[in-house]
2 protein chains.
Amino acid sequence: MSSSKRSKPQKPGRAASISDVARESGVSIFTVSAVVNNKSHVGKDLRERVENAIRKLNYRPNLIARSLIKQKTQTIGMIVPDIVNPFFPMVVRGAEDAAQKHGYNLLLCNSDDSLAKEETAIELLLSKRVDGILLTKAAGEFSPALHKTIQEVNIPFVLVMRTYPTLTKDAVITDDYQGAYEAVCHLARSGRSRIGLISGPLRISNAKERWRGFRDALEEKKLPYEPELVVEGDYRIESGFRAGHALLSHRPDGIYVANHLMTIGLLQAVEEMGLKCPEDFGLVSFDDYPWLGVFRPRLTTVELPKHQLGSEAAELLIQRIGGNHGKPVLKKLLPELRIRESCGFAQFVSAEHRRAAPSEPSDVSLVNK
Amino acid sequence: MSSSKRSKPQKPGRAASISDVARESGVSIFTVSAVVNNKSHVGKDLRERVENAIRKLNYRPNLIARSLIKQKTQTIGMIVPDIVNPFFPMVVRGAEDAAQKHGYNLLLCNSDDSLAKEETAIELLLSKRVDGILLTKAAGEFSPALHKTIQEVNIPFVLVMRTYPTLTKDAVITDDYQGAYEAVCHLARSGRSRIGLISGPLRISNAKERWRGFRDALEEKKLPYEPELVVEGDYRIESGFRAGHALLSHRPDGIYVANHLMTIGLLQAVEEMGLKCPEDFGLVSFDDYPWLGVFRPRLTTVELPKHQLGSEAAELLIQRIGGNHGKPVLKKLLPELRIRESCGFAQFVSAEHRRAAPSEPSDVSLVNK
DNA sequence: CAGCAGCAGCTAAACGTTTTGAAACACGCC
DNA sequence: GGCGTGTTTCAAAACGTTTAGCTGCTGCTG
């Protein structure tokens, strides 16, 4: 029953390995492996012996060794600017849910929107041989070396929430043009005519799109585009505060803010300046959160499907990992205007304006759910 | 210079391996390894040859193989109930920062406070041979099997934010007893005498501690403990809303809410019932967030050092991984009372009451920074 | 009874690293 | 010339899996 064949005993401090189980149950490694991955080719008696040994030794297959030979780690790398930015937890959660469903795990990195950190993170993930990478690109260009690496390396990338023109990869984003367009149309319909924008950094693709939507809606509504009513922030609270001061000094009667954190900053500026919303100006913010329920006035916002963003990106990535080599896909998720009080009380707003945005490169699909 | 020795050519679709580099530069694998990990023992000429080959082949060491042989993955598993709960992103960020500093990565899992998911996650992390696990325990008991596994397995665990009595492991938590105590004392000092509590699930260690702090502060201030003024929620918005309705119907003149999400729910109930804070009741909430700046009245809260919580936990874990086998440590971080408007305007509050909480088992250290 | 198919189980080679022991060589010292 | 002492390099054994290819065995077919 037991080992007379040349085989080392179990190392002391170490977890049981497959060969320990084999020795314990008097079968070959092959048989243990077959039992673990329950292949059919194992007789009932042996299978039982092996299972007992597994329980006895508390054996747990070493997925590192498995990864090495299978050339798959069942791990996805995910790089976000900052998990503390309330936008991202839900995206990460979406990705994790989808990943989990397919037996993958998430290796999480924060880039702080720094190119250097982004590069380090990508290099590390590649070295760790993740099966794919979900990337919310930091503002700015890849270094040429990294760009080359990414194009050549054999694992799929899916861009999340931000596109990156010179990279022909899949991307899952929200239809920011459309969201901004609707936001501004809503401001216009509620009677505002001098509408300002607090924008994100225009080097970031979605900030640019939101700006485009803003501009086009203005044009559509025959309203003037006044450059001094457009202030560029960096998506953070502090910049919303500063931008708010700058913008409000020109007394716009409507403001569209391109993200939630800057809205928080803006509202602080508003209070300092003793202004009232919606009396003095109408406000539409981007992105919805549970705690907005206690803001007064209740904010009208354009909600982005954050969870879906993450889950669709992960699903797509996993498809690619599975070997679906098709043309790069650009998937745009539809945002949803949620009308509350910050533009004055709910005008009757028809759904009429929900049309697809003039769309971009390659394969564009407009989907929700 | 080149290969006449038996050595396979580079596989087509695959990344270059160390032996490809060795072949390309006409040296042995050993030498390449030495160059990569820049050991000193390599001659200048050879080193250069090898470095060129590395660049040419775009070689990137395979950390999976390295992990297999070194029995270290440089990866930490982190299990939180839900990254979407705004408490956790900052904790995760703290952990990630510390991990990164020491060359570790974070594998993130959500347990949804479900024992089943927690167990699955732990099993998976163990199979993936993470070097250690950061765990915010789900409410409830480990299954006996899992409990045994955790005690026996050779990798360190650090509990984050929640302790678990039958497990002799390290833990990093906030001093919730002290935080609650201070919160209630502040309510008392601002003249409230019928103080209510919206508590977390009392099976969770920190909820219990907060309850104890609440009770003891009441006693200390010679105020009555009225059972109908204590309502147990589940740390989520909805439960705060329901608990708020239940609690407010008894007309307390002070409320301490044990976490942020339940505060959001409570405030919705408050508005529905047409009550005013701080006129009708004083409020102290737990945990501070940037967006609280726009809540009215400005909330007085007990801030928990979330980032530090994560980073200290990770630091401790990494120490353990590094071989520091000492007695289990319980590290308590001090919370900070931030007085704003929700108990009436800033009474003069002395720092006098900042004393250490009567402390618990084993090695307790009280630290901040 | 030869031949064959099918099954259960085995051996051994891979996966890409690190690391141990030893070889090859130069150098200086007696 | 013999011998220690380094230095540089190497070959080969590990790490814990999966899996291709093989070996017997059993029973069926002609």
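Quick note on labels: first sequence line is chain A, next is B, and so on, each numbered from 1.
You'll find that the side chain of B:V27 is closest to D:dC10, out of D:dC10, C:dT18, C:dT17. Set against D:dG16, C:dT17, D:dC10, the side chain of A:L68 has D:dG16 as its closest nucleotide. For B:N37, the listed nucleotide lying nearest its side chain is C:dT18; candidates were D:dT17, C:dT18, D:dG16. When each of C:dT18, C:dA14, D:dA11 is scored by its nearest atom to the side-chain atoms of A:I69, the top-ranked nucleotide is C:dA14. The side chain of B:T31 has D:dC10 as its nearest neighbour among C:dT11, D:dT9, D:dC10. Taking the side chain of B:V42 as heavy atoms from C-beta on, and the options C:dT18, D:dT9, D:dA20, the nearest nucleotide is D:dT9. In this structure, the nucleotide among D:dG16, C:dT17, D:dT18 sitting nearest to the side chain of A:S17 is D:dG16. Side-chain proximity of B:K70 to C:dT17, C:dT19, D:dT17: nearest is C:dT19.
A:I54 has its CD1 atom 14 Å from the C1' atom of D:dT17, to the nearest Å. Put simply, CZ on B:F30 is 17 Å from C1' on C:dG16, counting in whole angstrom units. Per the geometry, NZ belonging to A:K72 stands 17 Å off C1' belonging to D:dT17, to the nearest Å. Atoms CZ (A:R66) and C1' (C:dT17) sit 20 Å apart, rounded to a whole Å. As rounded to whole Å, 14 Å separates atom C1' of D:dT19 from atom CD of A:Q71. Summarising the geometry, the separation between CD1 on A:I64 and P on D:dT17 is reported as 11 Å, rounded to the nearest angstrom. Note: CZ (B:R47) to C1' (D:dT9) measures 14 Å, nearest angstrom. D:dT7 atom P lies 17 Å from atom CG of B:L46, rounded to whole Å.
A donor-acceptor pair under 3.5 Å is formed between the side chain of B:D131 and the backbone N or O of B:Q74. Counting only distance, with no hydrogens or angles, the side chain of A:K56 and the backbone of A:Y59 share no donor-acceptor pair below 3.5 Å.
Between A:S33 and D:dT18 there is a side-chain N or O to OP1 or OP2 distance below 4.0 Å.
In this structure, the side chains of B:K117 and B:N110 stay at 4.5 Å or more apart for every pair of heavy atoms.
Checked by atom type, the side-chain pair A:H147/A:E141 shows no donor-acceptor distance below 3.5 Å.
Judged by closest nucleotide on DNA chain D, B:G43 is the one of B:R129 and B:G43 placed further toward the 5' end.
Classification of A:R162 and A:D113 as a salt-bridged pair holds, one side-chain N sitting under 4.0 Å from a carboxylate O.
At the heavy-atom level, A:I29 lies under 4.0 Å from base atoms of the strands shown.
Base pairing analysis places D:dG30 opposite C:dC1; the two distances defining the Watson-Crick or G-U wobble pair are each below 3.5 Å.
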